[in-house]
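A short write-up of the structure that comes next.
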Amino acid sequence: MISDQIAASIKSALAAADLPLPDRGIEVIAAKNRDHGDWQTNVAMALAKAVGARPSEIAQRIINALELSPPPHVERVEIAGPGFLNFFLSPTWLHDVLVEVVAAGENFGHGEMYAGTRINLEFVSANPTGPLHAGGGRWVAVGDAIANLLAAQGAEVHREYYLNDAGTQLQVFAASLYCRYSGEELPTDGYQGEYLIEMASRMRAELGNDVSIEQALDWGYADVVRQLRDDLARIGVHFDTWFSERLLHERGDVAEVLAKLTKDGHTFDKDGALWLGSEALGDQRDRVLVRNDGATTYLANDLAYHRDKLRRGFDHLIDIWGADHHGQVKSLQVGMGALGYGSPTEPEPEILLGQLVKLQRGGELVRLSKRAGDVITLSDILDEVDPDVARLTFLLQGIDSAQTFDLDVVTAQSIENPVYYVQYAHARVASIGRKAAAAGINRKELARVDLSLLTHERELDLLRSLAEYPEILSRAAELRAPHRVSTWVRDFASRLHGFYRDCRVIGEDEALTHARLWLTEACRIGLADALGLLGVSAPDRMERTDEMREPDGGDL
RNA sequence: GCGCUCGUAGCUCAACGGAUAGAGCAUCUGAUUACGGAUCAGAAGGUUGGGGGUUCGAUUCCCUCCGAGCGCACCA
């Protein structure tokens with residue numbers, strides 16, 4: 001990348017000018033404002049204090065030294081503002097970007113940050129007591145996108161779903177299902193959801209009129225898991241492992257963990273229960289591991305579960321949890337630390353907390369509760385909107401802010417939907433390709449195309465976006481923030497529409513036509529890759545519905 | 001009370017400690033004899049919740065206050 005080359009030049013310039021390296025290294029970033037050139041660095045300001053000189057003076061010394069080993073493509077360097085060094089490059093650097101994109105193809109922008117790392121990513125993991133609710137769709141979309149981002153940085157990513165099938169919730173669920181089946185009154189803490197009525201009638205159809213509560217549990221559990229898989233398949237997410245909590249108990253893993261913690265002096269007995277001395281390890285308080293009735297707690301089971309993941313050979317564990325579970329983060333990490341995994345600065349597992357989704361319909365918030373019964377499921381949403389729409393909508397914003405999912409807006413399939421805006425950009429590029437082919441124009445070998453003809457500001461804007469793409473991806477992976485890709489792709493699509501408007505690709509000038517055909521190909525690569533990482537399709541054509549053509553049902 | 005996450009344009013949201021805080025929607029004004037108008041251009045819209053601090057420089061880091069959501073079980 002050109003920014004690396006500039007940084008390298010600055011580094012040798014600093015040495016030549018007898019200046020130290022800034023503590024934070026040399027930061028070369030893309031200028032936001034065209035007046036500030038193409039790339040800028042703050043090294044002169046960063047060094048001001050250590051060197052004891054004014055930023056402008058240091059900047060001048062760097063410029064002088066740079067002349068010994070100037071970075072490629074640089075036309076001039078200016079000192080501006082409080083001491084920035086602004087690099088103005090010839091457009092040729094952007095033509096090189098085009099070549100890089102085409103050469104890398106579908107790997108363009110991908111990196112090696114996590115090469116050789118095996119990462120286990122656990123997400124969704126809702127209790128198997130009912131269908132996935134709509135809000136859970138956020139974790140489906142976010143988890144899958146993060147997995148893609150990590151994989152694009154070279155990681156071997158394993159998607160995992162934890163089935164909490166040994167706890168009391170499943171008992172309550174089975175009892176609720178049984179009551180729906182037998183007509184008895186639901187337990188007060190039972191699941192009120194109407195989906196159980198439907199399930200009960202199917203259970204009767206399949207198993208007859210003489211079902212025991214144990215059978216209800218087995219059948220209901222299997223049925224729910226099947227529903228979960230189906231819903232996830234509808235939105236295109238595949239898990240590598242569905243892990244059963246029962247296995248941890250049957251195999252004695254939980255007992256092993258408890259024995260180890262006790263042997264190492266991390267536990268104590270109180271009130272007939274076994275406690276983890278977690279407060280001493282940095283938790284808010286101590287936590288119960290074994291209740292006084294002998295049952296192990298969620299924490300004990302979860303410790304065994306995460307230990308198992310690491311024993312399966314993963315280098316790193318990531319869990320995505322809803323923010324309503326944030327109280328458990330510290331105890332799990334501290335407990336894993338006591339078992340000898342992770343470190344205080346890099347605990348295992350790494351836990352990503354996502355704020356919850358509020359559903360809105362008709363301008364009012366819809367309350368979601370699996371138990372209370374007023375459930376809008378992910379499946380309901382997918383009945384109304386395309387999976388692409390659902391996915392991108394969930395990926396539009398960062399996970400640490402609460403999301404309001406407006407069902408009216410999303411299901412309207414309206415023109416304002418960013419999904420169509422971005423996909424349309426891709427369809428347009430494909431359309432140009434079809435048009436060119438129909439006219440008998442095929443792209444010449446890239447090496448024989450004169451890219452220096454690409455000088456229009458619209459063209460350069462597209463290439464600048466592509467130049468930033470690798471950095472966008474690595475930051476998004478590092479921060480586990482797929483919404484950065486969403487933001488990029490919307491902006492990129494916008495630039496592509498602007499280009500389309502102002503620059504005709506297939507025209508009289510044959511050389512320019514070929515240059516622009518390659519430019520659109522590079523754009524297609526970038527768009528398709530970004531959408532792919534987000535789990536959104538990149539269609540070659542799009543159907544326009546009648547509803548869209550006549551939004552008011554008006555006369556055309 | 002304690003803890004976690006937030007508070008940015010009318011609305012929904014962006015912004016590696018960097019220069020004039022950006023998009024979309026909504027509002028207003030324009031653009032098409034050509035590659036798909038699900039498009040483009042422009043205008044208007046802000047004390048980044050309030051107040052301190054750190055520094056060359058703060059939406060970003062620290063403190064405090066206000067407000068919101070969520071936690072604080074021998075439930076998961």
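Naming: A, B, ... by sequence-line order, numbering from 1 per chain. Note that the coordinates shown come from a computational prediction; the quantities given were computed from them, not determined experimentally. Just the heavy atoms: all of them, side chains too, but no hydrogens, waters or symmetry mates, feed the values below.
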### Task
May I ask you to verify if any side-chain N or O of A:Lys32 is less than 4.0 angstrom from the OP1 or OP2 atom of B:A19?
yes

## Note on the structure
When rounded to the nearest 0.5 Å, the distance separating CD of A:Glu478 from CZ of A:Arg484 is 9.5 Å

### Query
Using a cut-off of less than 4.0 Å, is there contact between a side-chain N or O of A:Arg490 and OP1 or OP2 of B:G22?
no

### Task
Report the distance from atom CG of A:Asn417 to atom C1' of B:C13, rounded to the nearest whole Å.
15 Å

### Query
When we call it a touch if two heavy atoms are under 4.0 Å apart, what does A:Thr404 touch: a base, just sugar-phosphate, or nothing?
sugar-phosphate

### Message
Under 4.0 Å, counting only non-hydrogen atoms across every strand here, what does A:Asp491 touch: a base, just sugar-phosphate, or nothing?
### Response
nothing

### Task
Considering just the side-chain nitrogens and oxygens of A:Arg458, establish if one lies under 4.0 Å of OP1 or OP2 belonging to B:U39.
no

### Message
Should A:Tyr421 be counted as stacked on B:A38, where stacking needs a ring-centre gap under 5.5 Å and an angle between planes under 30 degrees?
### Response
no

### Query
Is there a side-chain polar atom (N or O) of A:Arg428 under 4.0 Å from OP1 or OP2 of B:G37?
yes

### Task
Give each stem of RNA chain B as a range with a range, requiring at least 3 consecutive Watson-Crick or G-U wobble pairs whose two distances are under 3.5 Å.
B:1-7 with B:66-72, B:10-13 with B:22-25, B:27-31 with B:39-43, B:49-53 with B:61-65

### N or O in side chain of A:Ser401 less than 4.0 angstrom from B:A14 OP1/OP2
yes

### Query
What residues in residues 319-332 of chain A put a non-hydrogen atom under 4.0 Å from any atom of RNA chain B?
A:Ala323, A:Asp324, A:His325, A:His326, A:Gly327, A:Gln328

### Task
Ignoring hydrogens and angles, answer whether the base of B:C74 and the side-chain atoms of A:Asp293 contain a donor-acceptor pair closer than 3.5 Å.
no

### A:Leu359 CG to B:U12 P, straight-line distance once rounded to whole Å
15 Å

### Message
For B:C16 and A:Arg484 - does any side-chain N or O of the residue sit under 4.0 Å from the phosphate oxygens OP1/OP2?
### Response
yes

### Task
Check side chain to side chain contact (heavy atoms under 4.5 Å, CB included) between A:Leu396 and all other residues, then give those that pass, not counting sequence neighbours.
A:Leu392, A:Pro418, A:Ser486, A:Arg490

### Side-chain donor/acceptor of A:Asp502 to base of B:A31, under 3.5 Å
no

